[in-house]
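Note sheet for the following structure.
This structure is a prediction, so every number in the text was calculated from the model and none was measured.
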Amino acid sequence: MSALPVPETHTGLDSPAGVWWKPAHRAEKLWVGIAFGWCIVLFAMMPLWHLKGGQNPSGIRRRTDAAAFYKRTQEFIKQYQVGTDRGMPVVEPPPGSDVYLAGMTFQWTPILRLRQGAEYTLHISSLDVNHGFSLFPVNVNFQVVPGYDYGLRVTPTAAGDFRIICNEFCGIGHHTMVGRVIVLDSAGQEIARSGEAR
Ligand SMILES: [Cu+2]
């Protein structure tokens, strides 16, 4: 009876036997060089885009906390409320005023009625977790992080009935987190949504 050959045991502490490593081929070195150069270009674009990109928020940012921001939002609602829509307060602040919008699981409070061409300071914060402010159907996106009050200087350029979609997954009801911004035209008239009689 012949014994089976015992396979050679090997541990990771020993180098494998034989020639297992060869210097990189010229083409591979060239490729690494090109890839590294492109990395540097992209890296340099981050600060350049920040300085030249024109996509930066207007830069009013301060610390807050959920209780304080909620209280301020409620004061804002009390001051300028003009109605309700399915239980949600509808607020029409005068042009030039400070506007407060709170994101929370899973709603945006309140519904805003703004005037086309008027400037507002839109304060956004989250009362719980990260949310994403995404104005539909226009391409306006902003991260809403709890603990920070972001004051964005905004001027609505188009009248209409817009939706705020949460674009940052925030929990089980994330897909239902839809807010509303109504922009009145410069004469103060509300533009009817398509298919809606007024
Ligand atoms: Cu959300």
Side-chain angles (χ1 to χ4, degrees), residues 49-50 52-62 64 66 68-127 130-146 148-168 170 173-198:
W49 203 251
H50 174 73
K52 287 277 171 199
Q55 85 286 28
N56 299 322
S58 36
I60 312 163
R61 186 186 66 202
R62 58 177 89 89
T64 183
F69 194 84
Y70 180 73
K71 193 163 164 268
R72 186 66 190 85
T73 305
Q74 292 304 317
E75 281 168 16
F76 165 72
I77 292 170
K78 224 167 133 189
Q79 199 172 0
Y80 300 122
Q81 184 168 2
V82 291
T84 53
D85 176 15
R86 278 160 284 186
M88 182 64 76
V90 180
V91 179
E92 189 173 335
S97 58
D98 285 70
V99 175
Y100 288 81
L101 179 72
M104 70 195 87
T105 50
F106 300 100
Q107 62 185 33
W108 298 97
T109 307
I111 294 170
L112 300 172
R113 269 165 74 94
L114 305 176
R115 188 72 73 91
Q116 183 184 358
E119 193 185 292
Y120 302 88
T121 304
L122 175 61
H123 295 264
I124 314 181
S125 189
S126 162
L127 304 184
N130 262 35
H131 295 289
F133 175 97
S134 182
L135 195 64
F136 184 83
V138 287
N139 187 16
V140 174
N141 291 284
F142 199 73
Q143 279 278 330
V144 186
V145 181
Y148 287 94
D149 172 351
Y150 296 100
L152 307 175
R153 289 201 188 86
V154 295
T155 304
T157 52
D161 193 335
F162 302 93
R163 292 292 173 274
I164 309 165
I165 314 269
C166 181
N167 63 9
E168 193 70 53
C170 58
H174 165 68
H175 61 290
T176 65
M177 188 168 167
V178 180
R180 189 176 174 201
V181 177
I182 302 153
V183 179
L184 310 172
D185 65 19
S186 41
Q189 292 301 306
E190 191 171 331
I191 292 181
R193 267 182 285 171
S194 56
E196 193 179 341
R198 270 186 202 275

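Contact check for Val145 versus Ser126: no side-chain heavy atoms found under the 4.5 Å cut-off. Proximity of Ile60 to Arg62: side-chain heavy atoms (C-beta onward) are separated by under 4.5 Å at one or more points. Between Val181 and Leu135, the closest side-chain pair of non-hydrogen atoms falls below 4.5 Å.
To the nearest 0.5 Å, the span separating OH on Tyr150 from CZ on Phe133 amounts to 14.0 Å. Here CG of Leu114 is found 5.0 Å from CG of Leu112. Values are rounded to the nearest 0.5 Å. In this structure, OH in Tyr100 is found 15.5 Å from OG1 in Thr109, a value given to the nearest 0.5 Å. The distance from the OG atom of Ser134 to the CE atom of Met177 is 11.5 Å, given to the nearest 0.5 Å. We find the CD1-CG distance between Ile164 and Leu101 to be 4.5 Å, quoted to the nearest 0.5 Å. For the atom pair CZ of Arg153 and CG of Leu122, the computed distance is 12.0 Å after rounding to the nearest 0.5 Å.
Nearest heavy atoms, Cys166 versus His131: SG-ND1, 3.6 Å. Closest approach of Pro89 and Pro110 over heavy atoms only: O-CB, 3.4 Å. Scanning all heavy atoms of the two residues, the minimum distance from Asp185 to Arg115 falls at O-CD, 3.3 Å. Scanning all heavy atoms of the two residues, the minimum distance from Cys170 to Thr105 falls at O-CG2, 3.7 Å. Considering all non-hydrogen atoms of both residues, Val178 and His175 come closest at CG2-O, 4.3 Å. Contact detail for Tyr120 and Pro93: the closest heavy-atom pair is CE2-O, 3.9 Å.
Within the 3.5 Å criterion, the main-chain N or O of Tyr148 finds a donor-acceptor partner in the side chain of Ser125. In this structure, Gln116 contributes its side chain and Thr157 its backbone to a donor-acceptor pair below 3.5 Å.
Partners of Asp98 by side-chain hydrogen bond (donor to acceptor under 3.5 Å, both in side chains), not counting sequence neighbours, listed by chain and number: His123. Checked against side-chain contact (heavy atoms from CB on, under 4.5 Å), Ala66 has the following partners two or more places apart in sequence or in another chain: Leu127. With sequence neighbours excluded, the residues forming a side-chain hydrogen bond (donor to acceptor under 3.5 Å, both in side chains) with Glu168 are Gln143, listed by chain and number. Every residue two or more places apart in sequence or in another chain was checked for a ring-ring contact (aromatic ring centres under 6.0 Å, His included) with Phe106, and none qualifies. Listed by chain and number, the residues in a salt bridge (Lys or Arg N to Asp or Glu O under 4.0 Å) with Glu92 are Arg113 (sequence neighbours excluded).
For Asp85 and Arg180, the salt-bridge test passes: some basic side-chain N is under 4.0 Å from an acidic carboxylate O.
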Could you list the donor-acceptor pairs under 3.5 angstrom formed between side-chain atoms of residues 73-80 and any protein atom two or more places apart in sequence or on another chain?
unit_1 : atom_1 : unit_2 : atom_2 : d
Thr73  : OG1    : Phe69  : O      : 2.8
Gln74  : NE2    : Tyr70  : OH     : 3.4

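For Phe136 and Phe162, the ring centers sit 6.0 Å or farther from each other.
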Please test Glu190 against Ile182 for side chain to side chain contact (heavy atoms under 4.5 Å, CB included), starting from the C-alpha separation and ending with a verdict. CA-CA 8 Å; Glu190 191 171 331; Ile182 302 153; 3.7 Å; yes
